[in-house]
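Values reported hereafter were calculated over all heavy atoms of this structure, with side chains retained and with hydrogens, waters and symmetry mates removed. From a predicted model like this one, the values you see are computed outputs, not experimental measurements. Note on naming: letters A, B, ... go to the chains in the order of the sequence lines (proteins, then strands), and numbering restarts at 1 for each one.
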Protein chains: 2
Amino acid sequence: MTIAKLAKVSHTTVSRALNGSNLVKEETREKIRAIAKEIGYTPNISARGLVNRKTFLIGVFFSEMESGTSPSFLVDVLNQAREALPTGYIVSVDSIGNYKGNALPVGRYDGVVIISQAESDDVFIDQVRDQHIPMVVLNRQLSREDIVNYATDDYLGAQLLIQYAARMGHERIGILEGHPKFSSTKERWRGYVDSLNKAGLQFNDQWVKVGDYLPKSGYDKMKELLSGSAVPSCVFVTNDDMAVGAIRACEDLGFRVPDDISILGFDDTEYSKYLVPRLTTIKKPTHALVRKGIVALTNLLSAKNVTNRTETLRPSLVIRESVANVRNETN
Amino acid sequence: MTIAKLAKVSHTTVSRALNGSNLVKEETREKIRAIAKEIGYTPNISARGLVNRKTFLIGVFFSEMESGTSPSFLVDVLNQAREALPTGYIVSVDSIGNYKGNALPVGRYDGVVIISQAESDDVFIDQVRDQHIPMVVLNRQLSREDIVNYATDDYLGAQLLIQYAARMGHERIGILEGHPKFSSTKERWRGYVDSLNKAGLQFNDQWVKVGDYLPKSGYDKMKELLSGSAVPSCVFVTNDDMAVGAIRACEDLGFRVPDDISILGFDDTEYSKYLVPRLTTIKKPTHALVRKGIVALTNLLSAKNVTNRTETLRPSLVIRESVANVRNETN
DNA sequence: TTGAAAGCGCTAACAT
DNA sequence: ATGTTAGCGCTTTCAA
């Protein structure tokens, strides 16, 4: 190797010097460092990976990258992951869909974090587990104990919202659902129905519409909802992206928000607090979730054991202005 | 190697069989394939990379991932990149900031795409070039010819906007700038000033505010702007994210958009068409930009030469409802 | 059509 | 404190 020749030492010494081994004289180390810098030496990752069985690559996999996963959430995850990982690690992004069927190349990833939205991800999850690649699954609650899994309590989030609406006097509460296959959709739906029951409120078929978590569906479905014979006084739009479209639809049909109709969101996106009206929504502890996940993964990487193998984080209600207080009307 | 033993051939033959060499009997190949599948064999990427000098990893680097780069743009880039790349390649994400100073490990990336926002990225760009890693720089126009570089014409975009506002009769046009260090900020500013001049419109110091491309700054700065002694009739808010905040600020101070004040955006984000009012903005050909970039990079990877080494793509004006027609007033 | 041997750049075990 | 040697898993000559 060039650098070894220049320094007149063996390449072993070079390796040691550059890796901070204490088996080199400080003087030698300095000389080697200088030369390395001089000629712009950087280690060959493949060679190093081959002997160490480490690639310093963490794969982040999303159920669906093109749609369904909101961009801000995706970027949030990526940023948190990069920050929380030990130095030297880099992060790749991919869609689970790309791997349906074929296994991940062995030794390609030191670890994997899966941002799962739907049960259909399970075949991929099983595959990765069978390959014994360190893995954490985030975002969606798995019903098993063999995998490190952190999720937000969507069920609770929905309940918080509906309870709040009920407290504000709403009795006719509709729902605009997200992507039908997503677990979050199912959990939010459960929270909605259960809370309605607990509050002794009526359930009405006409007030439930199915969207896909994208703004357009919020717009289209809200229009449908408002065109029905009976209109609810409040609609639980199950994410903020759809809420933007939904509010637009209200506007277009002459319904003022929240005076004529109240809107509940979910996610507390960056722009939610600037909408007209400012959105009452649910804030998910995304940062904490991802951070916990990465910490666990880091432990897994160094073969430490993870104590909290599974956990559900509590979201919180963010009250703003999109829900009207209609208690007086009913008194 | 296990698979070699099981098939009773040498590992050389296994390698050949799995890589589609025609130097193996079809029968042998089948047998090997079957066994490989059976035991779930996947090649070791590091070993392969070591001999082939390929890692099948493309690094995507952003100026700033945490702020400044809008999430939807970032995700768009990532998706386009993944789709346009030949199969087998995976994509990593990183922030240029992480590499200030130290060089990229040699052989870590087969190629690199840089989404550049600011001139300060040049040191990183130079470094990568010095390492002779195939690279394309997107988003920001470089003033050099030695690097493949595609960008959107921000200057033109700004002109389109201001010309439109002028056509609608606006004479007092303000601006809410983005992150001061970003090239896009400078280009949009140039377009603003030049168009004002061409239209013979007055320029007023009080009507220019500096934000950072995030919604909050849109809100804060617009409030400042509206609190001045003389208020413009139209404000060029230099991206849609800030426009959301800006519209909110107008609302809070009792200015109706567009009746009392008109707003121009930039980017045409997913939600722009659902805002109240729907935003008149600039649509950037992001898909085409990234796709061109990846195609060029792919050519670079296979040592083909790239014909269009540099190009500026034209954005287009999207007229919606955030600008009032005030021509009558001035007649 | 197959195998044997060499070597990619690195780290680690074992001298010295 | 440093060098020698071997070997990680793969592809690629070179022989057979």
Taking only residues two or more places apart in sequence, or in another chain, which ones meet B:Asp153 in a side-chain contact (heavy atoms from CB on, under 4.5 Å)? B:Tyr155, B:Leu156, B:Thr312, B:Pro315
Separation of C:dG3 atom P from B:Ile3 atom CD1, nearest Å, is 13 Å
Which of parallel (below 30°), tilted (30 to 60°) and perpendicular (above 60°) describes B:Phe124 and B:Tyr99? tilted
Tell me whether the rings of B:Tyr213 and B:Phe182 are parallel (<30°), tilted (30 to 60°) or perpendicular (>60°). tilted
Phosphate OP1/OP2 of C:dA4 contacted by B:Ser10 side-chain N/O (<4.0 Å): no
Between A:Ser10 and A:Thr13, do the side chains contain an N or O donor and an N or O acceptor separated by less than 3.5 Å? yes
Separation of A:Leu18 atom CG from C:dC10 atom P, in whole Å? 9 Å
Spacing between A:Arg48 atom CZ and C:dC8 atom P, to the nearest angstrom: 18 Å
State whether a side-chain donor-acceptor pair under 3.5 Å links B:Ser184 with B:Asp154. no
Rounding to the nearest 10°, end axes of the helix from C:dT1-D:dA16 to C:dT16-D:dA1 built from five pairs each make an angle of 40°
Step by step, work out the salt bridge (Lys or Arg N to Asp or Glu O under 4.0 Å) result for B:Arg140 and B:Asp122. CA-CA 11 Å; B:Arg140 173 182 138 244; B:Asp122 283 351; 2.9 Å; yes
Could you check whether A:Glu145 pairs with A:Arg309 (Lys NZ or Arg NE/NH1/NH2 to Asp/Glu carboxylate O, under 4.0 Å)? no
Using a heavy-atom cut-off of under 4.0 Å over every strand shown, decide if A:Thr28 touches base, sugar-phosphate, or nothing. sugar-phosphate
Quick check on D:dG9: is either OP1 or OP2 less than 4.0 Å from any side-chain nitrogen or oxygen of B:Tyr41? no
Could you check A:Ile45 against B:Val9 and say which one's nearest nucleotide on DNA chain C is further toward the 5' end? B:Val9
From C:dT2, C:dG3, D:dC10, pick the nucleotide closest to the side chain of B:Pro43? D:dC10
Without decimals, in angstroms, what is the distance between A:Leu50 CG and C:dG9 P? 12 Å
A:Val24, nearest nucleotide to its side chain (from D:dT2, D:dC10, D:dG9): D:dT2
The nucleotide from D:dG3, C:dG3, C:dC8 with an atom nearest the side chain of B:Arg53 is C:dC8
When you check the gap from the basic side-chain N to the acidic O, do B:Asp76 and B:Lys284 get nearer than 4.0 Å? no
When the distance from CG of A:Leu23 to C1' of C:dT11 is rounded to whole Å, what number comes out? 13 Å
Measure from NZ or CZ of B:Lys54 to the centre of the six-membered ring of B:Tyr89 and say whether it is under 6.0 Å with the direction within 45° of the ring axis. no
Pick out the pairs of N or O atoms, protein on one side and nucleotides 12-16 of chain D on the other, that lie under 3.5 Å.
{"residue": "D:dT12", "atom": "O4", "partner": "B:Thr12", "partner atom": "OG1", "Å": "3.4"}

B:Lys8 NZ to C:dG3 P, straight-line distance once rounded to whole Å: 12 Å
NZ of A:Lys54 versus C1' of C:dG9: gap in Å, rounded? 19 Å
With a 6.0 Å cut-off on ring centres, are B:Tyr109 and B:Phe56 close enough? no
Gap between atoms CG and C1', on A:Asn44 and C:dT11 respectively (whole Å): 13 Å
